[in-house]
There are 2 protein chains.
Amino acid sequence: MQSRDFDLETFLPFVLNQAAETTSHAFAEIYQKRYGMTRGQWRVMANLGRFGAMTATEICRRGQLEKTKVSRAVHALEQKGWLSRKSLESDRRSECLSLTEAGRAVFDDLGLAGLDYDRALRDRLGDAAVDEAIALLRRLCPDNQGDGPASNPCQDAGS
Amino acid sequence: MQSRDFDLETFLPFVLNQAAETTSHAFAEIYQKRYGMTRGQWRVMANLGRFGAMTATEICRRGQLEKTKVSRAVHALEQKGWLSRKSLESDRRSECLSLTEAGRAVFDDLGLAGLDYDRALRDRLGDAAVDEAIALLRRLCPDNQGDGPASNPCQDAGS
DNA sequence: TCTTGATTGTTGCATTTGAAACTATTATCA
DNA sequence: TGATAATAGTTTCAAATGCAACAATCAAGA
């Protein structure tokens, strides 16, 4: 085995980075222009909007995000009035995060845009093939599996 | 169609970002610890090591990188003695970039590490499935197709 | 030729990022 | 109980990032 065998074009980290960059950048224009949101802020909002109230650590786990990025995104979303915190009685270190009514309106709008974008991608690449690829890629993210709100101490789901 | 139909877990930008982050982060530890390289630096080096001498713009096109990131990565690699520039006579705006001997040694080492990493991933996910996913994802990156050194004004390929 | 416009690569500047340090709280165990 | 370790989240600080502006060169057409 020699380094000349190293094929950049089939090296998964490379291909994934390019694909992620391309798709994310295209969709980012929408939420950046409409709401001035950062990629991290959108990711936090999307998790809360889709899965309901949860803790910052839970967002980290689900979204493969770093806690510092989540912390700042939460702060920014709170400033904009789209997110509210509620202290947890079961553990006073954590807080229960959820979208406000205004935040939900923003998510609803962007969710629709996301559906459009997704539809366009699938039309181009083929629905079944996309599904297969996604199923494969999700196996790469170890902590992503436990989807149910199993260990979620936030009861009052905002969705 | 309502925003509640928006499924984060099958939204391609999300899945791709998570997968890219997971795989890149894991592999980044290697070149960061061994050679103190940035992700951008590694990407530039990988393109030069794999495809031989080329221009900065060509690296941008191939790697889906921004020119400012490439510019700074080139500068850093040059400082470390792993990259050399040679002015092009056909166009004095561009420079022909290639790895030095020392740079090639670094690439050889990291290329082997990349092969190991790739092998491990494919063992885990299945070779054929990975190939299919990669073929699909490459169709997402429009400028990535023209692979041959068609319009490459750098003749003296370093590889 | 001269002018206008496009392209290559760099730099300035403000924002974003991530690793490590930190506070506050909870868990473990002698 | 009390001591130690682990965890949630924030902050700090240096590095990385990206957009815009820029200088240098090339291309196209009057």
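When reading the values below, keep in mind they use all heavy atoms of this one structure, side chains included, and skip hydrogens, waters and symmetry mates. Proteins get letters first, then strands, A, B, ... in listed order; numbering begins at 1 in each. A quick note: this is a predicted structure, and the numbers were derived from the prediction, not measured.
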Novice: Check the phosphate of D/dA24 against B/S94, side-chain N and O only, distance under 4.0 Å to OP1 or OP2. Yes or no?
Specialist: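 So the side-chain polar atoms of B/S94 never come under 4.0 Å of the phosphate oxygens OP1 or OP2 of D/dA24.
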Novice: Which pairs, protein N/O on one side and nucleotides 3-7 of chain C N/O on the other, fall under 3.5 Å?
Specialist:
| unit_1 | atom_1 | unit_2 | atom_2 | d |
| --- | --- | --- | --- | --- |
| C/dT7 | O2 | B/R93 | NH1 | 2.7 |

Novice: In this structure, how many angstroms lie between the P atom of C/dT10 and the CD atom of B/E78, rounded?
Specialist: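 Spelled out: CD on B/E78 to P on C/dT10 is 9 Å.
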Novice: Scan side-chain atoms only and decide if A/T57 and A/R61 contain a donor-acceptor pair under the 3.5 Å cut-off.
Specialist: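 Not at all, the side chains of A/T57 and A/R61 share no donor-acceptor pair under 3.5 Å.
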Novice: The test is side chain to side chain contact (heavy atoms under 4.5 Å, CB included); show your working for A/R85 and A/V74 and say whether it passes.
Specialist: CA-CA 9 Å; A/R85 319 159 104 112; A/V74 164; 3.8 Å; yes
Novice: Should the ring pair A/F27 and A/Y117 be called parallel, tilted or perpendicular, given that the plane angle runs from 0 to 90° and is split at 30 and 60?
Specialist: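 Because their plane-to-plane angle lies in the 30° to 60° range, the rings of A/F27 and A/Y117 count as tilted.
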Novice: Report yes if a side-chain nitrogen or oxygen of A/K67 is closer than 4.0 Å to either non-bridging phosphate oxygen (OP1 or OP2) of D/dA8; otherwise report no.
Specialist: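 No, because none of the side-chain N or O atoms of A/K67 sits under 4.0 Å from OP1 or OP2 of D/dA8.
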Novice: Starting from the 5' end of DNA chain C, give me the residue, A/R39 or A/R92, whose nearest nucleotide shows up first.
Specialist: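 Per heavy-atom nearest nucleotide, the more 5' residue is A/R39.
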Novice: Below the 4.0 Å mark, does C/dT17 have OP1 or OP2 next to a side-chain nitrogen or oxygen of A/T38?
Specialist: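 For C/dT17, neither OP1 nor OP2 has a side-chain N or O of A/T38 closer than 4.0 Å.
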Novice: Nearest whole Å is fine: how far is D/dC19 P from A/Q32 CD?
Specialist: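 In whole Å, D/dC19 P and A/Q32 CD are 8 Å from each other.
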Novice: May I ask you to verify whether the side chain of A/R72 and the base of D/dG9 hold a donor-acceptor pair under 3.5 Å?
Specialist: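 Per atom types, no contact qualifies.
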Novice: Can you measure B/R61 atom CZ to C/dT8 atom P for me and round it to whole angstrom units?
Specialist: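 It is 11 Å, rounded to the nearest whole Å.
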Novice: Does D/dG9 have OP1 or OP2 under 4.0 Å away from a side-chain N or O of A/S71?
Specialist: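 It does not, given that no N or O in the side chain of A/S71 lies less than 4.0 Å from OP1 or OP2 of D/dG9.
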Novice: Name the residue closer to the 5' end of DNA chain C, choosing between B/R85 and A/E89 according to the nucleotide with the nearest heavy atom.
Specialist: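 The residue closer to the strand's 5' end, by nearest nucleotide, is B/R85.
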Novice: Expressed in angstrom and rounded to an integer, what is the separation of A/K69 atom NZ from D/dT17 atom P?
Specialist: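 Value for this atom pair: 12 Å.
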Novice: Send over the distance from A/E66 CD to C/dT16 P, rounded to a whole Å.
Specialist: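 These atoms are roughly 16 Å apart.
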Novice: Fit a plane to each ring of B/W42 and A/F6, take the angle between them on a 0 to 90° scale, and name the class: parallel (under 30°), tilted (30 to 60°) or perpendicular (over 60°).
Specialist: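 The arrangement is tilted - the two ring planes meet at 30° to 60°.
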Novice: In whole angstrom, give the distance that lies between atom CD of A/Q41 and atom C1' of C/dT16.
Specialist: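 Going from A/Q41 (CD) to C/dT16 (C1'), I get 11 Å.
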Novice: Sub-3.5 Å donor-acceptor pair from the side chain of B/S24 to the main-chain atoms of B/E21, do we have one?
Specialist: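 No; zero donor-acceptor contacts below 3.5 Å.
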Novice: Rounded off to whole Å, could you give me the NE2-to-P distance for the B/H75 and D/dA16 pair?
Specialist: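 Rounded to whole Å, this separation is 12 Å.
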Novice: In terms of heavy-atom contacts, does CZ of B/R92 have more than 12 from other residues, nucleotides or ligands at under 6.0 Å?
Specialist: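 Open.
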Novice: Do you know which of B/R50, B/R119, B/R122 makes salt bridge (charged side-chain N to carboxylate O under 4.0 Å, His left out) with A/D7?
Specialist: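 With A/D7 as partner, B/R50, B/R119, B/R122 yield a single salt bridge (charged side-chain N to carboxylate O under 4.0 Å, His left out), made by B/R50.
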Novice: Taking for each residue the nucleotide of DNA chain D bearing the nearest heavy atom, is the 5' side occupied by A/V74 or by A/E21?
Specialist: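 Of the two residues, A/V74 wins.
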Novice: Mind calculating the distance between CD (A/E95) and C1' (D/dT10) to the nearest angstrom?
Specialist: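 Value for this atom pair: 11 Å.
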